[in-house]
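Each remark here refers to the structure printed beneath this line.
Chain identifiers are assigned alphabetically (A, B, ...) following the order of the sequence lines, protein sequences preceding nucleic acid strands; residue numbering begins at 1 within each chain. What you are looking at is a predicted structure, and each value in this text was computed from that prediction instead of being measured.
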There are 2 protein chains.
Amino acid sequence: MAMRKKRTNDPEGMRRRVLDVAEDAFQARGYHASSLGDLMAAAGVTGGALHHHFPTKKALALAVIEERVAAAVQETWVEPVLAAPSAREGVRTVFEAVAAELEQQGYVRGCPLNNLAHELSLADADFRIALADIFAGWRRAIADKVRADQETGGEGGTDPDRFAALAVAAYSGAMSIAKTAQDAGVLRECLAGLERVEPPPSQHGSAARRRRKVLRRQTIR
Amino acid sequence: MAMRKKRTNDPEGMRRRVLDVAEDAFQARGYHASSLGDLMAAAGVTGGALHHHFPTKKALALAVIEERVAAAVQETWVEPVLAAPSAREGVRTVFEAVAAELEQQGYVRGCPLNNLAHELSLADADFRIALADIFAGWRRAIADKVRADQETGGEGGTDPDRFAALAVAAYSGAMSIAKTAQDAGVLRECLAGLERVEPPPSQHGSAARRRRKVLRRQTIR
DNA sequence: TCCAAAACAGGATGATCATCCTGTTTATAA
DNA sequence: TTATAAACAGGATGATCATCCTGTTTTGGA
């Protein structure tokens, strides 16, 4: 009198479970070090099911990048920056929030975008382009926010693209160092430095004029 | 009348050839994506010889990190910064030199330290510590240079550790972005931003005083 | 000269891994 | 109800890979 086993098809749920464990594994161990067998076991999914939703490992990774990594950048960076009173304050908020989170959880796994970017962008053009798009959107969001600040009077002569590039690079690099040192302290140091870049509009105006000149040279590139 | 094949033992040369191809392969394809078979073929080395000099793949990677990656950071960063008139000028020199080199060779393979740091620092504690030491030495060299500048009168209130952390992070992050975008332009943008961090000592002195205060707060961390 | 250790050769091995394939079950629409 | 496709199961397969092992050659000191 063994119970009749009933199976229920749940394609979305199964796909989601696979993406969940893949996102986690790629983040923790990387793409090459994560075997599909491990993922199948962790997700409780058979080979047939996995292959049905993701015919190749590359397809799975591409989905992780486009659906999960992009969303992570959106949630941890783009949305907080857009919601902040200014780009500068948004950047500070994110740095501090991430640093606090890392310090509390006691270990640093690194930035998912950076981790995959290093391992995959030279390996495959599709990977590289998908990852580059995320970097570009991230930078554009910050630069646009600086431009919006400028139109409402704030953030005098700061070059939007330059500030965005430095913010994203400083964060990415700081996360690399933090991951290697397993210490989030460098994030706070970088934030402190970042806050001293082209300090907020002073009352003088001379600084703004000087900056303008260099900005034009910069635009040539 | 076939020639008698003569073999000549050359342990140092063989070890060097293996490290050469391993350094290159780890940089271009990463650790996991580089098989020992590939390395043996590229170096023209047999399995026995490889195993004699490097009993495991990990031992080989550790040697690459400690002997090659550390040396690369020393040559491209530490020595130029020490040789420069000031830390600030040294940082600019390196950024510009690397950007120019990347633009001329047409592609970006990324920073060897960063590439391996991302792939290996969570995988193995020995890897992680070896890589963290290189990061630490890199930062310390820049910070020490700032301190030396200050003792000879330059670089007023700039916090040495903060400046070093930001320089290293900005460079590492910019290289990540450049590698993903296959465009070194972001390096120049980050350098431009970096040069506007706590701008060099003005004649006024008011700025220096303001900076001092924040610097003290920073030291608490 | 002789001998022990280092240096090198090259194949064996067992494990792992991504993909594929043949079925079976479930859902959907006609 | 029935036909059809999607969803899932689970094993097969061939390739790859790091390590190991046995044997040979070279080297340097006694």
Can H118(B) and H118(A) be counted as having a side-chain donor-acceptor contact under 3.5 angstrom? yes
From CG of L36(B) across to P of dA12(C) the rounded distance in Å is 19 Å
Judged by modelled atom types alone, do K179(B) and N114(B) share a side-chain donor-acceptor pair under 3.5 Å? no
Salt bridge or not for E67(B) and R15(B), using N-O below 4.0 Å? yes
What's the CZ-C1' distance between F54(A) and dA7(D), to the nearest Å? 14 Å
Looking at R147(A) and D161(A), is there a salt bridge between them, counting it only when a charged N and a carboxylate O are closer than 4.0 Å? yes
Salt-bridge present (D10(B), R16(B); N to O < 4.0 Å): no
Identify the pairs formed between an N or O of the protein and an N or O of nucleotides 28-30 of chain C at a distance under 3.5 Å, and give each distance.
none

Find the distance K57(A):NZ to dC20(C):P and express it as a whole number of Å. 15 Å
Between CE of M40(A) and P of dT19(C) the distance, given in whole Å, is 12 Å
Hey, is E195(A) close enough to R88(A) for a salt bridge, meaning N to O under 4.0 Å? no
Can you pull every protein N or O that's under 3.5 Å from an N or O on nucleotides 8-10 of chain C?
residue	atom	partner	partner atom	Å
dC8(C)	OP1	D10(B)	N	2.7
dC8(C)	OP2	H53(B)	NE2	2.7
dC8(C)	O4'	R7(B)	NH1	3.1
dA9(C)	OP2	T46(B)	OG1	2.9
dG10(C)	N7	G48(B)	N	3.2
dG10(C)	O6	G48(B)	N	3.3

Taking CG from L39(B) and P from dA18(D), how many angstroms apart are they, rounded to a whole number? 8 Å
Nearest-Å distance, NE2 (H32(B)) to P (dA18(C))? 12 Å
Please step through salt bridge (charged side-chain N to carboxylate O under 4.0 Å, His left out) for the pair R139(A) and D144(A), ending with a clear verdict. CA-CA 9 Å; R139(A) 284 213 270 165; D144(A) 285 348; over 6 Å; no
Under 4.0 Å between a Lys/Arg side-chain N and an Asp/Glu carboxylate O for R29(B) and E119(B)? no
